[in-house]
Amino acid sequence: MKKILLLIGLFSLPACNIQTANNGADSSNTTSLHPTGQPPKLTGTFQGTLPCADCPGINYQVTLFDDHTYSELTAYQGRGMNLATVEKGTWKQLSDSTVLIQRKKDSSSFLLSDGHLLLLDTKGRRIEGVLASNYVLNAIEGGDKRKLYEQKRQEGIEFTANGNEPGWTLDIDRKQITFRDMNGEEIQTALPAPKPNLDTLKVYTTPKITVSIRNTLCTDDMSGIMRPNTVQINIKDKVFQGCGEYLDK
């Protein structure tokens with residue numbers, strides 16, 4: 001069985017083995033104008049599942065910000081408890097509808113076409129044929145939380161999370177935990193030392209609330225936004241689940 005693997009090491013994680021095709025398409029086939037005739041907007045959040053040569057797939061999300069920075073989240077299905085990794089860097093515009101994101105060790109190029117972001121091959125060409133749909137990322141709303149997060153940083157918050165049904169928010173700074181729900185209930189308590197305190201799991205236990213933070217991929221069940229931490233909160237006989245992230249990363 002013939003397989004062409006050209007994007008080995010596309011991401012900076014050591015054993016990525018993303019399965020990609022190069023069909024020799026003309027690189028001039030990377031221009032796509034908006035129906036109004038104007039160049040498309042290149043910023044936004046896009047996500048999908050990319051092929052992986054040695055795992056079931058790679059959950060992938062990239063947000064392109066208007067200041068030419070980006071945030072990229074990857075999680076390999078079936079590996080290491082779905083560990084989520086976030087990398088940030090800069091991107092540059094190559095043409096009206098193509099961009100290049102620059103990582104610490106490598107780079108990738110994408111084409112914006114019909115509201116989707118398409119991962120291009122190593123030569124910047126569009127992937128065609130039966131594998132083409134495997135490299136399409138769908139646009140999703142709500143990925144740019146920079147203003148909210150910057151405000152929280154100014155308040156000294158280091159970790160933030162939220163969940164739905166019922167809605168709740170959680171903020172952790174160096175000294176305390178603050179929990180709020182949609183019913184107006186608020187709990188503020190001193191921040192204890194986490195036990196256990198592992199790279200993949202931290203548990204903060206107090207008489208009022210217990211907060212468990214796992215370094216595993218979490219998808220918001222309303223917005224669909226993927227975040228790098230899964231959060232569970234226990235308050236008496238109530239259990240709240242949601243997604244969060246550290247603000248200093």
Side-chain angles (χ1 to χ4, degrees), residues 44-47 59-63 65-66 69-75 77 80-88 138-249:
T45 298
F46 304 86
Q47 64 177 222
N59 294 315
Y60 181 78
Q61 176 177 282
V62 62
T63 301
F65 299 114
D66 54 13
T69 62
Y70 74 85
S71 178
E72 179 186 61
L73 182 150
T74 58
Q77 297 176 3
M81 298 177 63
N82 210 19
L83 177 70
T85 302
V86 175
E87 181 163 344
K88 297 180 181 181
N138 299 316
I140 188 167
E141 297 294 330
D144 188 352
K145 297 182 180 294
R146 289 176 300 167
K147 290 183 178 179
L148 173 62
Y149 287 175
E150 180 57 30
Q151 178 181 344
K152 289 180 178 292
R153 288 189 192 96
Q154 294 295 327
E155 296 171 358
I157 295 169
E158 298 182 343
F159 181 86
T160 186
N162 67 276
N164 310 300
E165 298 181 358
W168 58 268
T169 61
L170 174 79
D171 292 318
I172 299 178
D173 61 27
R174 293 184 179 181
K175 295 182 179 180
Q176 71 178 16
I177 297 171
T178 302
F179 171 87
R180 300 181 180 91
D181 67 15
M182 293 296 292
N183 298 322
E185 180 181 2
E186 178 174 303
I187 296 175
Q188 286 190 331
T189 185
L191 179 68
K195 295 180 181 180
N197 182 15
L198 307 173
D199 290 339
T200 56
L201 172 65
K202 297 183 186 299
V203 179
Y204 301 91
T205 303
T206 78
K208 296 180 179 180
I209 187 172
T210 298
V211 178
S212 301
I213 302 173
R214 294 185 182 275
N215 187 22
T216 55
L217 179 68
C218 181
T219 301
D220 188 285
D221 53 15
M222 290 187 66
S223 69
I225 293 292
M226 294 190 291
R227 299 170 75 184
N229 297 98
T230 300
V231 179
Q232 179 173 304
I233 297 172
N234 294 79
I235 302 174
K236 297 180 180 179
D237 60 344
K238 296 180 180 179
V239 178
F240 301 86
Q241 295 183 336
C243 305
E245 57 192 292
Y246 290 93
L247 301 185
D248 58 345
K249 296 182 179 181

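Computation of the quantities below employed the complete heavy-atom set of this structure, encompassing side-chain atoms and omitting hydrogens, waters and symmetry-equivalent molecules.
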Under the side-chain hydrogen bond (donor to acceptor under 3.5 Å, both in side chains) test, which residues partner [X], sequence neighbours left out?
| X | answer |
| --- | --- |
| Glu141 | none |
| Ser212 | none |
| Glu245 | Tyr149, Arg227 |
| Thr69 | Asp67 |

- Mind checking whether Ile177 and Leu170 have side chains closer than 4.5 Å, heavy atoms only? yes
- Message: Could you tell me if the side chain of Lys175 sits less than 4.5 Å from the side chain of Leu191, heavy atoms only?
- Response: no
Name all residues meeting the side chain to side chain contact (heavy atoms under 4.5 Å, CB included) criterion together with [X]; count only those two or more places apart in sequence or in a different chain, and write none if there are none.
| X | value |
| --- | --- |
| Ser223 | Asp220, Ile225 |
| Pro196 | Leu198, Leu201, Val203 |
| Gln241 | Gln232, Val239 |
| Gln151 | Glu155 |

- Query: Considering residues, nucleotides and ligands other than Lys145, do more than 12 of their heavy atoms fall under 6.0 Å from its NZ?
  - Reply: no
- Report, as yes or no, whether the 6.0 Å neighbourhood of atom CG on Asp199 holds more than 12 heavy atoms from other residues, nucleotides or ligands.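 No, the 6.0 Å shell around CG holds no more than 12 heavy atoms from other groups.
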Calculate, to the nearest 0.5 Å, the distance between atoms [atom1] and [atom2] belonging to [X] and [Y] respectively.
| X | Y | atom1 | atom2 | result |
| --- | --- | --- | --- | --- |
| Asn229 | Arg214 | CG | CZ | 11.5 Å |
| Thr219 | Met226 | OG1 | CE | 6.0 Å |
| Ile213 | Thr200 | CD1 | OG1 | 12.0 Å |
| Asn82 | Asn215 | CG | CG | 10.5 Å |
| Trp168 | Asn162 | CH2 | CG | 6.5 Å |
| Tyr70 | Thr45 | OH | OG1 | 14.0 Å |

- Contacts of Phe159 that satisfy ring pair (Phe, Tyr, Trp, His ring centres under 6.0 Å) - sequence neighbours left out: Tyr246
Report all side-chain donor-acceptor pairs from residues 180-187 shorter than 3.5 Å, counting only partners two or more places apart or in another chain.
| residue | atom | partner | partner atom | Å |
| --- | --- | --- | --- | --- |
| Arg180 | NE | Glu186 | OE1 | 2.9 |
| Asp181 | OD1 | Asn183 | N | 3.0 |
| Asp181 | OD1 | Gly184 | N | 3.1 |
| Asp181 | OD1 | Glu185 | N | 2.8 |

For [X] and [Y], work out which heavy atoms get closest and say how close.
| X | Y | answer |
| --- | --- | --- |
| Gln61 | Gly224 | OE1-O, 4.5 Å |
| Leu247 | Thr160 | CD2-CG2, 3.7 Å |
| Pro166 | Phe240 | CG-CE2, 4.0 Å |

- Message: As a test of understanding, state which of Thr85, Leu217, Val86 forms a side-chain contact (heavy atoms from CB on, under 4.5 Å) with Pro228.
- Response: Val86
With a 3.5 Å cut-off and sequence neighbours excluded, list the donor-acceptor pairs that the side chains of residues 204-211 form with protein atoms.
| residue | atom | partner | partner atom | Å |
| --- | --- | --- | --- | --- |
| Thr206 | OG1 | Lys208 | N | 3.2 |
| Thr206 | OG1 | Ile209 | N | 3.0 |
| Thr206 | OG1 | Ile209 | O | 2.8 |

- Message: I need the full list of disulfide (SG to SG under 2.5 Å) pairs touching residues 154-218, with sequence neighbours left out, sorted by first then second residue.
- Response: Cys218-Cys243
